[in-house]
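Accompanying notes for the structure given below.
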Amino acid sequence: MKNIKLLLLSAVAVLCAHAGYGAKQAQAAGDSLKICVEGGSPPYNQLSPNGEIVGFDVDIGRALLKKMGKKYDMVKMDWDGMIPALKAKKCDAIISSMAITEERKKRISFTDPYYASPPERFAAKKGKFPDDKPETLKGKTIGVQRATIAEEFLKEKYPEVKLKSYATQNEANADLLDGRVDAIFQDVVPTKDFLKTKEAIAANIALFGVDHRDVKILGPGAGIGVRQEDEDLRKSFNKAIKAIHASGEYKTINDKYFDFDISK
């Protein structure tokens, strides 16, 4: 009987040890996050020559995760697959210049904006269009990235243009250079980066029209996307956003990429 009791106690000790190990493993897993980022929208995010994801979003993400005491992996993800990937738990957060919109908030939660939405602008061969009024662009083919606020804006405000949607903005830019679309439409910041390329300069591509700002469609800014049930994670990101502003880290990162304060 004594031997049986000793065996039972030993078994319980082993089970407890394994349970403790499992808890430690779960805790360790919670300390590491997978971050979805596109890698195709400079200067926000892009691939370096050696294939590393770099850019403003990446630097901001690293600063936030350091404040939060989290390890992380940056996971390259196609833009239109990001929200499905987040919901399927293939990543834990989206830090990829995703605009906060009411439509997206039906599917995921967002932190406070970590930068304000710059205006959207059209670009085409210089002098091709006198302005960007809907009647001027009626029937013209406009290149835009799929599943973006730029696409939604065109659908609502320019219903009579011919939309040509692309998986990446780089594909839209390439078709503009080759004359397969009449113009492109996107956030003015990456558009200005595109206009500095030797290909765009050679093709005489330029901005035209006016700045387009519509908070209802374009949202108040870019936020970090998390699953709706991950409220604690959302709050942790918000706390970290405030902390990097207070410490001056945000300004240092901002000034690396922009000559203006993108948070305002």
Side-chain angles (χ1 to χ4, degrees), residues 38 40-45 78-84 94 96-108 110 113 115-197 199-223 225 262:
E38 183 190 16
S41 184
Y44 301 126
N45 56 80
D78 290 343
W79 177 258
D80 53 3
M82 282 194 185
I83 291 179
I94 297 169
S96 195
S97 290
M98 183 167 280
I100 303 166
T101 67
E102 292 303 314
E103 190 61 33
R104 288 173 180 158
K105 283 163 68 176
K106 294 175 184 177
R107 303 173 66 193
I108 64 174
F110 284 96
Y115 73 82
S117 292
E120 305 287 312
R121 288 290 298 269
F122 286 97
K125 284 188 179 291
K126 191 173 182 179
K128 185 177 178 73
F129 299 106
D131 56 59
D132 66 353
K133 295 176 181 177
E135 55 268 28
T136 301
L137 298 180
K138 180 179 178 180
K140 302 302 180 183
T141 302
I142 310 298
V144 66
Q145 187 175 8
R146 187 183 308 127
T148 60
I149 54 174
E151 184 182 50
E152 290 304 311
F153 184 88
L154 290 176
K155 286 178 179 178
E156 183 161 332
K157 301 294 186 179
Y158 289 78
E160 295 185 292
V161 303
K162 296 176 183 176
L163 281 186
K164 191 171 183 181
S165 300
Y166 297 84
T168 70
Q169 186 63 41
N170 285 339
E171 292 173 308
N173 296 347
D175 269 7
L176 176 63
L177 294 173
D178 291 338
R180 286 190 283 267
V181 297
D182 297 300
I184 57 170
F185 184 72
Q186 67 160 337
D187 178 335
V188 70
V189 175
T191 301
K192 285 182 176 179
D193 261 30
F194 166 58
L195 296 183
K196 295 174 185 175
T197 64
E199 294 84 1
I201 293 169
N204 204 22
I205 305 298
L207 295 171
F208 72 96
V210 300
D211 287 351
H212 292 277
R213 301 177 186 272
D214 187 317
V215 174
K216 183 179 178 183
I217 303 171
L218 304 177
I262 199 169

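- Two residues are said to be in side-chain contact when any heavy atoms from C-beta on lie closer than 4.5 Å; S165 and E151 meet this criterion.
- Separation of atoms CD (E171) and NZ (K164) is listed at 10.0 Å; rounding is to 0.5 Å.
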Step-by-step side chain to side chain contact (heavy atoms under 4.5 Å, CB included) determination, R104 to F110: CA-CA 9 Å; R104 288 173 180 158; F110 284 96; 3.7 Å; yes

I would like to know whether F194 and E199 meet side chain to side chain contact (heavy atoms under 4.5 Å, CB included); could you show each step before the answer? CA-CA 9 Å; F194 166 58; E199 294 84 1; 5.8 Å; no

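- With contacts defined as side-chain heavy-atom distances shorter than 4.5 Å, the pair T101/E152 does not qualify.
- Side-chain contact check for F122 versus K140: every heavy-atom pair is 4.5 Å or farther apart.
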Using atom types as modelled, flag every donor-acceptor pair under 3.5 Å from a side chain in residues 179-189 to any protein atom, sequence neighbours excluded.
from : atom 1 : to   : atom 2 : distance (Å)
R180 : NE     : D175 : OD1    : 2.7
R180 : NH2    : D175 : OD1    : 2.9
R180 : NH2    : D178 : OD2    : 2.8
D182 : OD2    : T141 : N      : 2.8
Q186 : NE2    : T191 : OG1    : 3.1
D187 : OD1    : V189 : N      : 2.8
D187 : OD2    : Y44  : OH     : 2.8

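- For the atom pair CD1 of I217 and CD of E103, the computed distance is 12.0 Å after rounding to the nearest 0.5 Å.
- Here CG of D193 is found 12.0 Å from CD of Q169. Values are rounded to the nearest 0.5 Å.
- Between the side chains of E38 and Q145, a donor-acceptor pair is found at a separation under 3.5 Å.
- The side-chain heavy atoms of Y158 and D132, taken from C-beta on, include a pair separated by under 4.5 Å.
- Salt bridge absent: E135 and K138 never bring a charged side-chain N and a carboxylate O closer than 4.0 Å.
- A distance-only check finds no donor-acceptor pair linking the side chain of D131 to the backbone of G209 [under 3.5 Å].
- With hydrogens and angles disregarded, no donor-acceptor distance shorter than 3.5 Å links the side chain of D78 to the backbone of G81.
- Under a cut-off of 6.0 angstrom, the local environment of CG in D80 is crowded, with over 12 non-hydrogen atoms contributed by other residues, nucleotides or ligands.
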